[in-house]
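Some notes on the structure that comes next.
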Amino acid sequence: MLSIPDLIKKKRDGGVLTDEQVTTFIRAVTDKTIQDCQTGAMLMAIWQKGMVVKETETLTREMMKSGEVMSWPKEWAGLMVDKHSTGGVGDKVSLVLAPALAACGCKVPMISGRGLAHTGGTLDKLESIPGFTIQQSTAQIQKILGSVGCCIVGQTERLVPADRVLYALRDATSTVDSLPLITGSIISKKGAESLNALVLDVKFGRAALYKDLDSAKELAQSMVNVGNGLGMRTGAVLSCMDATIGRCVGNSLEVIESLETLKGKGPEDLMELVITLGGMLLMMTDLVSNLSEGRKKISDAVTGGAALSKFQAMMEVQGVAKDVAQSLCSPNTDYHRVLRKAAHQTELTTPADGVVVDVDGLVLAEILHKLGAGRSMVGEPVNHSVGAELLVSLGQKVKKGVPWMRLHYEDPAPTPDQIQRLQNALSLGTDKNKPTQQKQTLVKEVLLPQNK
Ligand code: URA
């Protein structure tokens, strides 16, 4: 058996590690019998030399097995599904998709994350609802799936401990952006949920982690290969992340937009993502026979109110008081009776007549982050009420001086420079057909498992 320094040398020199060698490395990480400097050196060797599909699959499987692998009652076989997104701006898909899938008969143990850099986190959004408890044990998750069908929770301590170690050291050694390491990190956690089907929303564009379509596609293909290799039917969509998804960005504003969507009044782009991702999962679990049937079933679950009932039930079992959950899910409710509204709002107005051809989602997200909507350090609190509402849509004709964005803020207030940058995020054109519209090309490509 090779020693750890020999394994590092083999990878450093471009060798392909055997299954046994990958296992030795991950066991040593999990058992803490390897020094951090050795792990860091191996991570850098992997970052530089990459891994073949087989190595990545073994890495992912061993990471998955480093902790608890969830198990489910026999009668749920075939129904366990989840989604992962590589992170976006205004990405509230999970809040609508999880209950929609539950309404269609799936079991959805959705393990989500917090905001990372400028991108928002599903857990932060849900925590803007008073009482919502994201920390649930595996036994509680199973109970919730039995009664409601879906939950949205944080990662438990026992799930994939090797990833916690590797992730921290990747951050410290500039090795986060490595295809096999990202694949291992994301897919091991989904594998530990013991899913039957997984769909990945891999974003590309200026507000995404991967800016260009080709590199996003490479990541998507790597995760699809490994997910399928681990026995989960895994598919992916490549979706554009230039502007925002929907019109609201910021934790409690996004909860409001999600609830409006669950009441049948959601923006088209958000619905398109929910319907596509959900339709794929229904098809991959064989609950429907083709994608268009799956899309229709998800769409009906949202527009017909079944998904809203699931969301209400999920809130209640995850700690939200019954009257609060009921009030949020009632028609024409005043959301701010429950969700705290920021102390200040200001509206930005259009500088000229024209057609809205672009709103830079990255600029918007970065400024909201600075105003407190996101965190700079793990564990830092976020201000749930900070956010922005877009008051215009791409392609819309506007007159000079009409409000196009409402900014919700507290302390710190936006500086004049931040206001100017926000104002510059809006591009007005003259040609209504200018092809910068994100909404027309939101889902660029769909990758399905080979047997589908
Ligand atoms: N999210 C993860 O969980 N891991 C990564 O490596 C990147 C994003």
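Below, all heavy atoms of this structure are taken into account, side chains as well, without hydrogens, waters or symmetry copies. Just follow the structure's listing: the first ligand is 1, and inside any ligand the first atom is 1.
Between Lys189 and ligand 1, at least one N/O pair is under 3.5 Å apart. For ligand 1, the polar-atom distance check against Arg170 finds a nitrogen or oxygen pair separated by under 3.5 Å.
Per-residue contacts place Ser185 under 4.0 angstrom from the following atoms of ligand 1 (heavy atoms of the residue considered): 2 (C), 3 (O), 4 (N), 5 (C), 6 (O).
Ion pair Arg61/Asp19 not flagged as a salt bridge, since none of the NZ, NE, NH1 or NH2 atoms sits closer than 4.0 Å to an Asp/Glu carboxylate oxygen. A salt bridge between Glu293 and Lys296 is absent, with no side-chain N of the basic residue lying under 4.0 Å from a carboxylate O of the acidic one.
Under the side-chain hydrogen bond (donor to acceptor under 3.5 Å, both in side chains) criterion, Thr122 pairs with no residue, sequence neighbours left out. Among residues two or more places apart in sequence or in another chain, the salt bridge (charged side-chain N to carboxylate O under 4.0 Å, His left out) test is passed with Lys189 by Asp163.
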